[in-house]
Amino acid sequence: MTRFPPDARFPRLGALGLAGLVLIASAGLAAAHDYTAGSLKIGHPWSRATPGGAKVAGGYVTVTNTGTEPDRLVGGSLSEAGRTELHSMSMQGDVMKMAPIEGGVAIAPGETVKLAPGGNHMMFLDLKTQLKQGARIKGTLVFEKAGTVPVEFAVESIAAKAPAEGEAGHDHSGHKHAH
Ligand SMILES: [Cu+2]
């Protein structure tokens, strides 16, 4: 028998990253899904169903750093998107503004960082297909130290604010926050 080198196919993933892959395989059809990458716990990556013809969608996730070293979410990808950026969102007057987050999102030891509608988010650009509710779409999250982590983004309802609670979406419907 040929021995299969454990890291040959996923050179950027260590043993703990492979454990994350096992979690992907066992996540099955559960509504929520989680991954582990080193000391990072990655909760329920999700996106929203898009109207036909839409070229952009937001990506959301919760990441908890259970370790003692800071890490940083620096990027990601979606198989159906041409490219992905990390964006912040803020109100400027009564207009919701998105801007790239320089240097990524820091995740301090013991901290939970939430990307959610109305706040920091991943922006999937140049969508090749319509995102349909109920789909699971392969992608990645890229961390400065934990490296590239394969995940699946669950596509929620087009009206979803968040699986738990959330605020405004990309549709500028959040004008209730204007001053
Ligand atoms: Cu954005």
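Position 1 is the first residue of the sequence; numbering continues from there. Just so you know, ligand 1 is whichever comes first in the structure, and atom 1 is the first atom listed for that ligand.
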Ile107 versus Leu73, closest heavy-atom pair with distance: CD1-N, 4.1 Å

Contacts of Thr64 that satisfy side-chain hydrogen bond (donor to acceptor under 3.5 Å, both in side chains) - sequence neighbours left out: Thr112

Of the N, O or S atoms in His87, the one nearest the Cu ion (ligand 1): ND1

Pairs where residues 115-130 contributes a residue and the test salt bridge (charged side-chain N to carboxylate O under 4.0 Å, His left out) is met, not counting sequence neighbours: Arg83-Asp126

The Cu ion (ligand 1) contact by Met122, N, O or S atom under 2.8 Å: no

The Cu ion (ligand 1) reached by Met98 (N, O or S, under 2.8 Å): yes

Donor on one side chain, acceptor on other, Thr140 and Ser77, under 3.5 Å: yes

